[in-house]
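Counting starts at 1 for both ligands and their atoms, following the listed order.
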Amino acid sequence: MRKKLIAGNWKMNLDWNEAMTLFANLIQFETSKQSKADVAVFPPSAYIRHFYELASDRKSSIGIGAQDCSEYNGGAYTGELAASMIKSVGASYCLVGHSERREYHHESNDVLSEKVERLLENDVIPVFCCGESLDHRESGNHTFVTDNQLDGTIFELNEEQFSNVVIAYEPVWAIGTGKTASPDQAQDMHAFIRGLVQSKYGATIANNTRILYGGSMKPSNAHELLSQPDVDGGLIGGASLKVDDFGAIINACS
Ligand code: PEP
């Protein structure tokens with residue numbers, strides 16, 4: 001049985017005081033509830049160590065993730081962070097291939113594959129993002145595009161490596177737009193992705209793979225989306241910046 005994962009992608013939001021307040025409130029929320037889901041936050045990397053220490057001090061099980069890492073191990077790459085560095089400050093997850101990275105930083109399948117490899121070498125769980133643009137959805141190419149994003153990257157991994165990857169299906173047209181995939185659209189794509197995993201790695205690995213939905217998930221639509229049989233949690237942007245909204249999404253997991 002797959003346990004749901006609710007992950008908050010804070011992107012480049014919140015200064016130090018705002019971030020500390022939100023994280024402290026989230027710890028308080030999480031430790032006072034018997035949450036049925038695993039919970040993780042992906043703050044700006046400068047905050048990771050402090051969050052990790054605070055979560056450890058308060059005996060919170062909230063996982064901490066980075067929003068990106070370098071495809072290289074280290075060296076003369078100004079501004080980059082190696083997978084070993086984010087691991088050493090307490091990250092247990094890292095996003096890879098978020099659509100904003102693909103669009104603004106032109107990250108190719110080859111680069112994303114390298115990032116996934118570096119993370120797995122350092123025992124960090126890659127949360128691999130995939131999903132189609134509006135054009136691809138409207139032209140009926142959404143399955144083809146998503147298949148391609150997986151085929152050229154995480155589907156190159158061996159079984160042991162793949163078993164440590166989380167997939168996040170995030171239709172680009174639903175990210176930060178307020179438009180959400182309908183529960184049926186989300187379920188169809190998640191079942192499609194799980195089918196691809198099954199053809200490549202077999203039924204056991206497919207049944208154990210967590211596939212999160214991301215794209216304007218909020219308290220009002222979370223329960224229906226999270227009730228779909230192949231939706232194993234959410235990657236949440238905007239609604240993860242308010243403890244009440246993020247908490248309501250965590251509570252929507254049954
Ligand atoms: C995201 O950035 O991964 C995301 C899903 O954002 P939002 O929830 O704001 O659409």
Side-chain angles (χ1 to χ4, degrees), residues 4-14 18-19 22 26 37-45 47-48 62-69 91 93-107 112 115-116 119 125-134 136-137 142 145-146 149-150 153-154 165-183 185-187 189-190 193 210-226 228 230-253:
K4 289 198 172 19
L5 170 63
I6 300 296
N9 173 15
W10 289 10
K11 311 192 188 193
M12 197 171 70
N13 289 301
L14 308 180
E18 293 164 336
L22 176 56
L26 190 58
D38 289 333
V39 178
V41 295
F42 294 71
S45 290
Y47 307 158
I48 290 175
I62 297 178
I64 315 294
Q67 297 174 15
D68 184 42
C69 73
Y93 300 91
C94 183
L95 300 182
V96 181
H98 191 279
S99 64
E100 288 150 15
R101 301 282 321 169
R102 290 177 192 262
E103 183 180 349
Y104 306 138
H105 300 271
H106 311 290
E107 292 184 342
L112 299 180
K115 291 186 181 202
V116 169
L119 290 166
I125 298 169
V127 177
F128 187 84
C129 305
C130 59
E132 78 284 357
S133 66
L134 185 60
H136 287 133
R137 166 64 62 168
H142 45 293
V145 168
T146 305
Q149 291 170 337
L150 300 170
T153 54
I154 52 174
V165 173
V166 173
I167 297 174
Y169 168 64
E170 298 206 299
V172 180
W173 48 272
I175 297 179
T177 58
K179 282 189 203 158
T180 315
S182 69
Q185 284 173 320
Q187 169 56 25
M189 281 305 287
H190 283 233
I193 293 168
R210 292 209 271 202
I211 308 176
L212 315 184
Y213 169 79
S216 298
M217 190 184 277
K218 44 191 177 247
S220 58
N221 60 27
H223 182 70
E224 230 189 323
L225 286 163
L226 292 167
Q228 301 305 310
D230 286 294
V231 176
D232 306 316
L235 179 57
I236 294 115
S240 69
L241 298 174
K242 290 192 182 133
V243 71
D244 289 350
D245 288 352
F246 197 56
I249 294 172
I250 296 168
N251 283 342
C253 292

Engineer: How about Gln228: does its CD atom have over 12 heavy atoms from other parts shown lying under 6.0 Å from it?
Structural biologist: yes
Engineer: Return the residue, atom name and 0.1 Å-rounded distance of the protein heavy atom closest to atom 9 (O) of ligand 1.
Structural biologist: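 Scanning the protein heavy atoms, the shortest distance from atom 9 (O) of ligand 1 goes to Gly238 N, 2.9 Å.
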Engineer: For the residue pair His190 and Tyr169, does the interplanar ring angle fall in the parallel (under 30°), tilted (30 to 60°) or perpendicular (over 60°) class?
Structural biologist: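 Correct class here is perpendicular.
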Engineer: Can a non-hydrogen atom of Ser99 be found less than 4.0 Å from any atom of ligand 1?
Structural biologist: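 In this structure, Ser99 fails to qualify as a contact of ligand 1 - no heavy atom is under 4.0 Å.
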Engineer: Determine whether the side chain, the backbone, both or neither of Asn9 has a heavy atom under 4.0 Å from any heavy atom of ligand 1.
Structural biologist: side chain
Engineer: Identify the closest protein heavy atom to atom 5 (C) of ligand 1: which residue and atom is it, and at what distance?
Structural biologist: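 Answer for atom 5 (C) of ligand 1: Glu170 OE2, 3.1 Å.
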Engineer: Assess whether side-chain contact (heavy atoms from CB on, under 4.5 Å) is satisfied between Glu100 and Ile175, documenting all intermediate values.
Structural biologist: CA-CA 9 Å; Glu100 288 150 15; Ile175 297 179; 3.9 Å; yes
Engineer: Nearest 0.5 angstrom please: Leu226 CG to Leu212 CG, how far?
Structural biologist: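 If we round to the nearest 0.5 Å, Leu226:CG and Leu212:CG are 9.5 Å apart.
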Engineer: Mark up the atoms of ligand 1 that fall under 4.0 Å of a heavy atom belonging to Gly215, in ascending order.
Structural biologist: 5 (C), 10 (O)
Engineer: Does Asp68 have any salt bridge (Lys or Arg N to Asp or Glu O under 4.0 Å) partners at least two apart in sequence or in another chain, and if so, which?
Structural biologist: Arg101, Lys115
Engineer: Strictly under 4.0 Å, does any heavy atom of Ser216 approach an atom of ligand 1?
Structural biologist: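 It does, in that a heavy atom of Ser216 comes within the 4.0 Å cut-off of ligand 1.
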Engineer: Please round to the nearest 0.5 Å and tell me the distance separating atom CG of Asn9 and atom CG of Leu241.
Structural biologist: 8.5 Å
Engineer: His98 versus ligand 1: do any nitrogen or oxygen atoms come within less than 3.5 Å of each other?
Structural biologist: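 Yes - when backbone and side-chain N and O of His98 are compared with those of ligand 1, one distance drops under 3.5 Å.
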Engineer: Side chain, backbone, both or neither: which applies to Ala174 and ligand 1 if a contact is any heavy-atom pair less than 4.0 Å apart?
Structural biologist: backbone
Engineer: Is Ile236 in polar range of ligand 1, meaning some N or O pair under 3.5 Å apart?
Structural biologist: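 There is no such contact.
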Engineer: Counting from 1, what ligand 1 atoms have a heavy atom of Ile175 closer than 4.0 Å?
Structural biologist: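 So the answer, numbered in order with elements, is 1 (C), 2 (O), 4 (C), 6 (O), 10 (O).
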Engineer: So, is Gly176 polar-close to ligand 1, with some N/O to N/O distance under 3.5 Å?
Structural biologist: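 Min N/O separation from ligand 1 is below 3.5 Å for Gly176.
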Engineer: Between Tyr93 and Leu95, is there a donor-acceptor pair closer than 3.5 Å when you use the side chain of the first and the backbone of the second?
Structural biologist: no
Engineer: Ignoring hydrogens and geometry, is there a side-chain-to-backbone donor-acceptor pair from Ser216 to Ala174 under 3.5 Å?
Structural biologist: yes
Engineer: Can you find an N/O atom of Leu235 closer than 3.5 Å to an N/O atom of ligand 1?
Structural biologist: no
Engineer: Could you give the distance from CD1 (Ile211) to CZ (Phe128), rounded to the nearest 0.5 Å?
Structural biologist: 13.0 Å
Engineer: Which protein heavy atom lies closest to atom 4 (C) of ligand 1, and at what distance to 0.1 Å?
Structural biologist: Gly237 N, 3.6 Å
